[in-house]
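Heads up: the structure comes next, in structure tokens.
All chains are named by letter (A, B, ...) in the order of the sequence lines, taking the proteins before the strands, and each is independently numbered beginning at 1. What you see is a predicted model, and the numbers here were worked out from it, not measured in a lab.
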There are 2 protein chains.
Amino acid sequence: MLENFNEIKVETPVDKIIRQIRSLITSGQLNSGDRLPPERKLAEKLGVSRTHVRDAIRKLEFYGILKTLPQSGTVVSGMGITALEGLITDVLKLEKTDFSSLVETRVILETNGARLAAERRTPEDIIQIEKALIAYEKKVRLNQTAVEEDLMFHLKIAEASKNAVLKSLMLIITPDIVKSFIQYKVCDENEIEDKVIKEHEEILEHIVNGDGEAASQAMKKHLKDVFEFGKSL
Amino acid sequence: MLENFNEIKVETPVDKIIRQIRSLITSGQLNSGDRLPPERKLAEKLGVSRTHVRDAIRKLEFYGILKTLPQSGTVVSGMGITALEGLITDVLKLEKTDFSSLVETRVILETNGARLAAERRTPEDIIQIEKALIAYEKKVRLNQTAVEEDLMFHLKIAEASKNAVLKSLMLIITPDIVKSFIQYKVCDENEIEDKVIKEHEEILEHIVNGDGEAASQAMKKHLKDVFEFGKSL
DNA sequence: ACCAATTAATTGGTCAACCAATTTTAGTCC
DNA sequence: GGACTAAAATTGGTTGACCAATTAATTGGT
């Protein structure tokens, strides 16, 4: 009975301010290049502490929406109002991603990453990937959870793709993947983990051989298996 | 001659702290799940103000590396040391992405986004995409720069893909794309912009028809043209 | 009347102190 | 001796004041 009251979302002061700033921008009162009102004025107008305003500005600055110049002011940078409307509302809610979207996107990133890795990997890359694979196998043999080691294998492949953006995006969604893994209790049984090791080895083999298409397909199959296992729970 | 001195990078206090925390984690002194030393102790130990420590913690919290529990403490959450090493150093430097990686990744995201959009688009999605296309055309006809409107078209497609993560990642790299556009002065000539409009229309047509593969290919060609144009400058 | 330099006001950055909630500790009662 | 309670210490959250750099205004000279 008490559970009904758990879902109320506490809107932090910072979120409120972000919403206000967003409305300022989307309503056209603030255009790209304009200077934001000073922190003090904003704080007074919104009825909150300046610290909260600063936190909100920092948060927006993270996503390249605002640019604050020391001792000068904060300006609206980057793109204009059009895309901002979607950006502010959506990017900040990245945690509310559904499992299927997450996996779907991961498949896209990783299959392409594997293909590029096969084409561009250096001898050093192969060593790194092998090391990650062995570390994973070791943990599994000890019956310990090896989520981190598993993802490390995938990250090393992304690294071998020599595409910094691709790797960064992988890193961005990685925490969410870990969360999902824990939530759905994926990879808790030894049966599936043996399969994972075999598939990892296959992917690595294709990368070593420089066969991009095969590596991509192997990765696709591998992730499909993991996904299917997750759904079956 | 004076230009030589411009490249010195001012290392802000916050960056210094992040580096210190990183070393604490990577050196194994802090493992996943461990509680971070209290802010006051950290501030004293590092010889900086507590505000800076808090800023650093917030920054790390953004990427899911730390999780701070009010009135309780800050814990190392998410993944363990292995991946963190790469994450902290790389994700924070997302702006240092080369143009080719950016475009390559964009092609990956957008071709797949177009395919999914063709498969899942609703009538409302089509209206939105059309609206964005018309807005772009309008701006071009007036001989005004329409970078935002161009990207809006692409974002609406990402929205129609019904994959929130994919859209979020698009939004994340969008500011960098805008930056590159400005830097390389892409899309400044009318000739190329007419071509862009035609290609946009073709992509939309395939999405309307529900032909995922054709939409994906059209998007690939479209982005390839833009990329080639950028390289030729 | 215009321009330059100096001054005043405003800006974001920084800090130390305070607050409420939590956790730990000590004490007391059974 | 163990369990529970209350108080003390510790935690992150919040605030207002202060600082240095920047910008705007004023003033003085030409």
Side-chain angles (χ1 to χ4, degrees), chain A residues 2 5-6 8-21 24-25 29-78 92, chain B residues 2 5-6 8-21 24-25 29-78 92:
Chain A
L2 276 171
F5 293 90
N6 282 4
I8 59 159
K9 194 77 177 184
V10 182
E11 189 172 44
T12 78
V14 176
D15 286 333
K16 282 187 181 178
I17 298 166
I18 289 181
R19 211 152 38 86
Q20 296 247 14
I21 293 178
L24 273 179
I25 298 177
Q29 296 182 46
L30 282 174
N31 285 309
S32 182
D34 286 358
R35 291 167 63 103
L36 212 68
E39 298 178 355
R40 285 175 181 79
K41 299 282 174 56
L42 264 181
E44 188 189 1
K45 195 80 181 175
L46 302 180
V48 296
S49 167
R50 192 162 79 99
T51 310
H52 291 145
V53 174
R54 300 190 94 248
D55 283 353
I57 291 176
R58 292 273 171 72
K59 213 165 189 175
L60 262 3
E61 200 179 6
F62 245 53
Y63 294 107
I65 298 164
L66 300 177
K67 179 72 184 176
T68 143
L69 314 169
Q71 273 73 38
S72 170
T74 302
V75 298
V76 180
S77 81
L92 295 181
Chain B
L2 275 171
F5 294 89
N6 282 5
I8 57 160
K9 194 78 176 185
V10 183
E11 189 173 44
T12 79
V14 176
D15 286 333
K16 282 187 181 178
I17 298 166
I18 288 182
R19 211 154 37 86
Q20 295 247 15
I21 294 178
L24 274 178
I25 298 178
Q29 296 182 47
L30 282 175
N31 286 309
S32 182
D34 285 358
R35 290 166 67 104
L36 213 68
E39 296 178 356
R40 285 174 180 80
K41 300 281 174 57
L42 264 180
E44 188 188 2
K45 196 78 181 177
L46 302 180
V48 295
S49 167
R50 194 161 78 98
T51 310
H52 292 147
V53 175
R54 301 191 93 246
D55 283 354
I57 290 176
R58 291 272 171 72
K59 213 166 188 173
L60 262 3
E61 200 179 6
F62 253 45
Y63 294 109
I65 297 165
L66 300 178
K67 180 71 185 177
T68 143
L69 314 169
Q71 272 75 37
S72 170
T74 302
V75 298
V76 181
S77 81
L92 295 180

Whole angstrom is fine here: how far is it from CD in A/Q71 over to C1' in D/dA21? 4 Å
Quick one: is D/dA21 close enough that its OP1 or OP2 comes under 4.0 Å of any side-chain N or O from A/S72? no
Of A/P70 and B/I57, the one whose closest DNA chain D nucleotide lies more 5': B/I57
For the pair made of CG in A/L69 and C1' in D/dT22, what is the distance, rounded to whole Å? 11 Å
Which residues in residues 43-55 of chain B have at least one heavy atom lying under 4.0 Å from any atom of DNA chain D? B/R50, B/R54
Please enumerate all residues that pass salt bridge (Lys or Arg N to Asp or Glu O under 4.0 Å) together with A/R50, with sequence neighbours excluded. A/E39
Minimum-distance pair of heavy atoms, taken over all atoms of B/V53 and B/A43: CG2-CA, 3.6 Å
Integer-rounded Å distance: D/dT11 C1' and B/K67 NZ: 16 Å
note: B/R40, atom CZ; C/dT22, atom C1'; distance rounded to Å ~ 13 Å
Interatomic distance where NZ belongs to A/K41 and C1' belongs to C/dG12 [whole Å]: 13 Å
Please name the residue in the list B/T74, B/L36, B/V75 that meets the side chain to side chain contact (heavy atoms under 4.5 Å, CB included) test with B/T68. B/T74
Quick one: does B/R35's side chain get under 4.5 Å of B/S72's, heavy atoms only? yes
As a check of understanding: the bend across the helix from C/dA1-D/dT30 to C/dC30-D/dG1, end axes from five pairs, rounded to 10 degrees, works out to 20°
Return the value, rounded to whole Å, for the distance between atom CZ of A/R35 and atom P of C/dG12. 8 Å
Between CZ on residue B/R54 and CG on residue B/L42, distance to nearest 0.5 Å: 12.5 Å
Separation of D/dT10 atom P from B/L42 atom CG, nearest Å, is 16 Å
